[in-house]
Every structure is written in C-alpha cells, then in structure tokens.
Amino acid sequence: MTEKKILGILSIVFGGVGLTFSWMPFINNMAFILGIVGAVLGVIAIVTNRKSKKTLALIGTVISVLSLVFVLITQNYYSKKLDDTFGQNSSSYSEKTKAEKAANKTSENSNDPSKNKWTFKNNVFSAGIMTYKLTKSEVLDSAQDGKKVLVIYADVTNNTEKEQDPSNIYMVMHAFQKTNTANKDLVTGMVKYDETGNNPVQQQQDALHDKLLSQKTVTVAMAFTLENDNPVTVKFDDANFKTIGEKQYNVK
C-alpha cells in the first residue's frame with residue numbers, strides 16, 4: 001500500500017526546523033516545542049501507515065527526537081556555563097565582601113579606643129577610653145582634721161566620642177602605704193576646704209568628678225589619705241584588674 005505522506009512530511013518539517021534551532025540559546029525553547037510536535041506527528045504517521053511504507057514517518061520521527069535531544073544537551077551545556085560564570089562572580093563577590101568586612105572591622109577596631117591595650121609607661125596611664133598623664137604630686141592638709149593627703153595631678157584626655165567620667169580611675173588606681181602591721185590600701189581623700197572657693201586643687205578635684213567632653217583634656221587631682229610618712233606605692237590595673245604598672249611617692 002502507498003504511504004500516506006502528509007503527516008510524515010509535517011513531522012519532517014517540524015523536526016527539521018526544531019533541529020536547526022536546537023543549538024541556539026533561548027530560541028531552542030521554541031525548537032523543543034517544534035520537536036515535540038514533529039515527534040507526535042511522526043508517531044501518528046507510523047500508526048496510520050502500519051500496513052504500508054513508513055519511510056517519511058520514520059524520518060520525521062527520528063529528526064524530531066534528535067531535535068529534542070540536541071535541545072536538552074545544548075541547554076544543559078549553556079546552563080552549566082552560566083552557573084560556572086555566575087558562581088565564580090558570586091564567590092569573588094563573597095570573598096571581596098568578607099575581605100571588606102574584615103578590613104572595616106579592623107578599621108573600626110583601630111578607631112575604637114576601648115580596644116586599645118592598657119599600659120602604664122613614662123608616667124602615662126593609657127586606659128583605653130581615657131588617658132591620664134601624671135604631672136606632679138604634693139602632700140597637703142586633709143579636710144579630715146589631723147590628716148594629710150597625697151595629691152597626684154594628671155592631665156586626663158577623653159579619647160572617645162562620648163562624655164566620660166574621669167573619676168572611674170579610682171577603680172583601677174590604688175595607693176598602698178605600710179604601717180607597723182600592714183600594707184594599707186589608702187582611701188581617697190579631700191584637701192582642706194577653702195571657704196573662698198579659690199583653691200585650684202579643689203577645682204581640680206571637682207573636675208575629676210565632672211563629665212569630660214569628647215576629645216577634651218582637663219587637669220584633675222586625685223587624693224589619698226595618708227596613714228603616716230612612709231613611701232606610698234600607687235598601682236595601676238588594666239580592665240581585668242591585673243596590675244600593669246606602679247609608681248612610688250615619697251611623702252616626707
């Protein structure tokens with residue numbers, strides 16, 4: 001019997017067009033549809049011509065199936081290339097972002113005084129957010145009758161962008177003086193009160209308890225009540241209350 005050719009020819013046409021465009025990105029999406037149509041028409045043509053020749057139907061079906069295979073191979077290839085390209089860019093971007101974050105963190109830390117190491121050297125007590133430069137000392141009458149105080153003067157600088165309390169130094173600065181039985185931890189003291197209010201030491205003691213503005217420096221006075229006239233050892237601690245330095249004062 002003679003082969004019914006119309007469906008076979010249509011299958012060849014659809015499959016051929018699909019095969020032609022199967023290698024082109026994006027366009028091969030349409031080629032895939034044409035391949036499916038061609039394959040369906042080819043199968044129908046084979047069934048229709050089951051008792052006669054099926055040459056065109058078989059050719060159309062094979063071409064259509066090939067177009068589908070090429071579309072899948074091509075899309076898989078381009079998809080892999082895109083993944084590799086954008087994967088590398090993403091990885092590079094991620095690495096760059098991590099590097100930038102690390103650099104920013106380092107920069108922030110370098111600009112954050114609270115991260116600075118605490119030290120006591122050459123009469124300068126660097127306590128992170130505050131720096132105390134010890135300038136001089138003297139023994140004066142105490143506000144407490146019959147007592148003397150060791151007054152230590154310092155220029156204190158606020159290293160931060162916020163107001164700070166210089167008197168916090170008393171938490172990490174301690175004075176010790178030996179008696180007959182012990183090495184006494186001296187209590188803080190006050191100089192004898194001047195009713196006129198013109199005593200500069202009183203003003204400097206007051207300055208110690210005032211809020212110090214950002215990046216400003218002020219002269220302050222720290223005072224310790226003496227037990228006797230033995231030498232006084234002043235110790236300076238870090239943020240973990242570990243002694244990092246000391247200075248001795250003669251009070252005779």
Do [X] and [Y] have side chains that get closer than 4.5 Å, going by heavy atoms?
{"X": "Thr188", "Y": "Met222", "result": "no"}
{"X": "Val191", "Y": "Gln202", "result": "yes"}
{"X": "Met130", "Y": "Leu212", "result": "yes"}
{"X": "Tyr132", "Y": "Pro166", "result": "yes"}

Count the heavy atoms of every other residue, nucleotide or ligand shown that sit under 6.0 Å from [atom1] of [X], and state whether that count exceeds 12.
{"X": "Leu213", "atom1": "CG", "value": "yes"}
{"X": "Phe70", "atom1": "CZ", "value": "no"}
{"X": "Lys147", "atom1": "NZ", "value": "yes"}
{"X": "Met24", "atom1": "CE", "value": "yes"}
{"X": "Asn183", "atom1": "CG", "value": "yes"}
{"X": "Phe224", "atom1": "CZ", "value": "yes"}

Nearest-0.5 Å distance that lies between atom [atom1] in [X] and atom [atom2] in [Y]:
{"X": "Ser11", "Y": "Leu58", "atom1": "OG", "atom2": "CG", "result": "9.5 Å"}
{"X": "Ile244", "Y": "Phe236", "atom1": "CD1", "atom2": "CZ", "result": "9.0 Å"}
{"X": "Ile46", "Y": "Leu56", "atom1": "CD1", "atom2": "CG", "result": "11.0 Å"}

TODO: Please list, chain by chain and in numerical order, all residues satisfying side-chain contact (heavy atoms from CB on, under 4.5 Å) with Asn228, sequence neighbours excluded.
DONE: Gln177, Thr179, Asn230
TODO: Just say parallel, tilted or perpendicular for the rings of Phe125 and Trp118, cut-offs at 30° and 60°.
DONE: perpendicular
TODO: Identify the two heavy atoms, one from Gln215 and one from Thr160, that lie closest to each other, and give their separation to 0.1 Å.
DONE: NE2-O, 3.1 Å
- [ ] State whether Asp237 and Lys242 are salt-bridged, where the test is any N-O pair (Lys NZ or Arg NE/NH1/NH2 against Asp/Glu carboxylate O) under 4.0 Å.
- [x] no
- [ ] Test the Lys235-Phe176 pair against the cation-pi criterion, namely NZ or CZ under 6.0 angstrom from the six-membered ring centroid and within 45° of the ring axis.
- [x] yes
